[in-house]
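Sequential numbering from 1 along the given sequence is applied to the chain's residues. Note that the structure is a prediction, hence the values are computed from the model and not measured. Counting starts at 1 for both ligands and their atoms, in listed order.
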Amino acid sequence: MTHGAPTNIPTHGPDDLVVRGAHVLDPASGLDGVMDVRVSGGRVAEVGEGLRGTRSLDADGLHLFPGFTDVHAHWRTPGREDEETVETGSAAAAAGGFTGVVMMPNTDPVIDRPVVVSGLVRRVEGESRVRAYVSAALHEGLKGERLTEMRLMREAGAFCVSDDGLGTQSAGVLRNAMLYAKDAGMPVILHCEDHTLATGVVHEGVAAALAGLPGSPGSAEDVATATALVLAAETGARVHVTHVSTALSAALVGFFKGNVPGADVTADTTPHHLTLTDELVRTLEGMYRVNPPLRPEGDRLGVGGALRDGILDFVATDHAPHASEEKDLPLEEAAPGFLGHETAFSALYTELVLGGHLSLERLVGAMASAPGAWVGDGAGRIAEGAPADLALVDLSEEWTVRGEGLLSRSGNSPYIGRSLKGRIVGTMVGGELVQDRTGARFGSRA
Ligand code: DOR
């Protein structure tokens, strides 16, 4: 088991279960066809045809994917349990087909000391429905000044380090942080933002000008991404660039991956940067404030192409619940960010796959295989001996996103009112259904 890997999930499922007749799609194992999957002792025991077990789940007409992994979520615990808790965040994740989630440390208190890490690990063990990984802070108080005790936090159960929510302003400080993280054996997740350039509340461009809103240029992200990539290549630290939102930042990632040996770099983009644009800020609604901001269509197409081509490795949601008193405000006053777990697959399936821009196989690779491989522990594949972490999906189901139907404690989804296609029917973690809309599909004998 990877250091910092969650220990909350039992290794023994209830008993033998055969998921029968689903279209199994797993790019990592090369599976693509109708077959059975037998689950036993919390793991995948067998994949094939005509399998037998003590119970069966009739998955005729459904798709079965490896469970999704979301390396970027804010569950607001500790400190803002009015917005999200480990229980509600993990319920929302499970509803979206996620079986593994990395929790960001911009909480209150910040996850920047071993005692805070172990406190959160205990809450995860008691409350989480999915595998939840703790990201500790890179710097004390996320201030980009003093490094945290990464090695001690790793021993307390942290999986990675990040100052997400803020960029590191000094390249010298960031370089030291990368070297220290490498020494502590932890990956670094970087929010790339130069705060001397990011002085607005939306993307600086035509939409901002028409709405009369202060903008931040794309360079606020690109300059910081370039710095991060140069330092990653030089230090050899394991660096993950999160929420890439501009075409240029995606191209920079591609350049380093292709041309700079020694760069151990991965990157993700979000469902909202893949499906929404800054046109929405013309509504002036606080809902559409997010950081990095929604970008123009050219950037949306640029990051989408980079995801399709594997330059951007995967999707992460940046699930960011906010209380209505902080979000239902004019755009300039609203807190940045919105919910992501429950709509991610459906939004991307509807817009990108059905829109003809991305294959279903690549979407599953970007939501399950690649982020699963990033966290390790056999996540993101359906193979004999791998954890039975699975997502059962009805691609034909159409649903309308409604605030009251979401399991998150907050209701700030930018997709509310939208009609989406494809819905999670069941999510299994360690062989147990943690999200269950399977209805009458169970049988006692197979
Ligand atoms: O929109 C955002 N919300 N971006 C971030 O980087 C942080 C997040 C939050 O914590 O709300």
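Between the side chains of T317 and D70, a donor-acceptor pair is found at a separation under 3.5 Å. No donor-acceptor contact under 3.5 angstrom links the side chains of H72 and D268, judged on distance only. Using modelled atom types, one finds a donor on one side chain and an acceptor on the other under 3.5 Å when comparing S249 with D222.
Contacts between R76 and ligand 1 below 4.0 angstrom, taking non-hydrogen atoms only, involve the side chain exclusively. With a heavy-atom cut-off of 4.0 Å, A320 touches ligand 1 through its side chain alone. Only side-chain heavy atoms of H191 come within less than 4.0 Å of ligand 1; its backbone N, CA, C and O stay farther off.
The shortest non-hydrogen separation linking V86 to V124 is CG1-CA, 4.1 Å.
The cationic group of R418 does not satisfy the cation-pi geometry with W399, failing either the under 6.0 Å distance to the six-membered ring centre or the 45° limit from the ring axis.
Of all the atoms in ligand 1, the ones that sit under 4.0 Å from a non-hydrogen atom of G337 are 1 (O), 2 (C), 3 (N). Counting the atoms of ligand 1 from 1 in the order shown, those under 4.0 Å from a heavy atom of V290 are 1 (O). Atoms of ligand 1 found under 4.0 Å from any heavy atom of H322, numbered from 1 in the order shown, are 11 (O).
Ranked by closest heavy atom to atom 1 (O) of ligand 1, the top entry among N412, N291, N106 is N291.
Ranking the protein heavy atoms by distance from atom 8 (C) of ligand 1 puts H74 NE2, 3.7 Å first. The protein atom (non-hydrogen) at minimum distance from atom 3 (N) of ligand 1 is P336 O, 3.1 Å.
Residues satisfying the salt bridge (charged side-chain N to carboxylate O under 4.0 Å, His left out) test with E193, not counting sequence neighbours, are none. For D278, the side-chain hydrogen bond (donor to acceptor under 3.5 Å, both in side chains) criterion is met by no residue, not counting sequence neighbours.
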